[in-house]
Amino acid sequence: MTFSQLRTGDYFRIPGMISGYVYRKANDSQCSINCVLQPIRSETEVRRLTPTEVINHFAQEHQEFRQFKNAVIIH
C-alpha cells in the first residue's frame, strides 16, 4: 500500500525502518511522528497498523513513560 492510499489519521509504519517508529497521516503530503510533521511522498510504501497494533503501540509508550517518570522521581 502507498501513503496516498491511507486515510488521514491512519497509523502506519514504513517497511525497512526501525519497528518502533509509528507514523500518523496528517494530510496528503505530511505525516507526524511524536507530534512533529514530516514531509512524505505519496508513493512511499507503507503498512497500515491494525487497531490492535495501535493499541499495543500506545500501551508500550505509556509503560515507557511511567518507567521514565518513576526513574526521574527516584533520583
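Below, all heavy atoms of this structure are taken into account, side chains as well, without hydrogens, waters or symmetry copies.
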Chemist: Do Phe58 and Phe65 have their ring centres less than 6.0 Å from each other?
Modeler: no

Chemist: Hey, what do you get for CG (Leu49) to OH (Tyr23), rounding to the nearest 0.5 Å?
Modeler: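 Rounded to the nearest 0.5 Å, the CG-OH separation comes to 12.0 Å.
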
Chemist: As an exercise, state the distance from CD of Gln38 to OG of Ser29, rounded to the nearest 0.5 Å.
Modeler: 12.0 Å

Chemist: Return the set of residues passing side-chain contact (heavy atoms from CB on, under 4.5 Å) with Gln60 (not counting sequence neighbours), or none when no residue passes.
Modeler: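 Scan of Gln60 (side-chain contact (heavy atoms from CB on, under 4.5 Å), adjacent residues dropped) gives Glu64.
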
Chemist: Using the side chain to side chain contact (heavy atoms under 4.5 Å, CB included) definition, which of the options Val46, Val22, Leu6 pairs with Tyr11?
Modeler: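 When Val46, Val22, Leu6 are each tested with Tyr11, the side chain to side chain contact (heavy atoms under 4.5 Å, CB included) holds only for Val22.
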
Chemist: Residues in side chain to side chain donor-acceptor pair (under 3.5 Å) with Thr8, at least two apart?
Modeler: none

Chemist: More than 12 heavy atoms of other residues, nucleotides or ligands under 6.0 Å from CZ of Arg13: is that the case?
Modeler: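 More than 12 heavy atoms, drawn from other residues, nucleotides or ligands, come within 6.0 Å of this atom.
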
Chemist: Let me confirm one number: the SG-OH distance from Cys31 to Tyr21, rounded to the nearest 0.5 Å.
Modeler: 12.5 Å

Chemist: Please report the shortest heavy-atom distance between Ser42 and Thr2, naming the atom on each side.
Modeler: O-CB, 3.5 Å

Chemist: Please find the pair of heavy atoms, one from Pro15 and one from Glu45, that lie closest to each other, and give the distance.
Modeler: CD-O, 3.3 Å

Chemist: Can you see which heavy atom on Asn27 is nearest to which on Phe3, and at what distance?
Modeler: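 In this case the closest contact between Asn27 and Phe3 is O-CZ, 3.4 Å.
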
Chemist: As an exercise, state the distance from CD of Gln5 to CG of Asp10, rounded to the nearest 0.5 Å.
Modeler: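 One finds 11.0 Å between CD of Gln5 and CG of Asp10.
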
Chemist: Would you give the length of the straight line joining atom CE of Met17 to atom CD1 of Ile33, rounded to the nearest 0.5 angstrom?
Modeler: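 Separation between the atoms: 7.5 Å.
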
Chemist: Can you tell me if His57 and Glu53 form a side-chain donor-acceptor pair at under 3.5 Å?
Modeler: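 Absent: no donor and acceptor within the cut-off.
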
Chemist: Find the distance between CZ (Arg47) and CE (Met1) and round it off to the nearest 0.5 Å.
Modeler: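 Here the interatomic distance stands at 11.0 Å.
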
Chemist: Apply the hydrophobic cluster definition, ILVMFWY joined by side-chain contacts under 4.5 Å directly or through others, and give me every member besides Ile55.
Modeler: none

Chemist: Set out, in order, the CA-CA distance, both residues' side-chain angles and the distance that settles side-chain contact (heavy atoms from CB on, under 4.5 Å) for Asn56 and Glu61, then state yes or no.
Modeler: CA-CA 9 Å; Asn56 290 339; Glu61 277 194 347; over 6 Å; no

Chemist: May I ask you to check whether Thr50 and Thr52 show a side-chain donor-acceptor distance below 3.5 Å?
Modeler: no

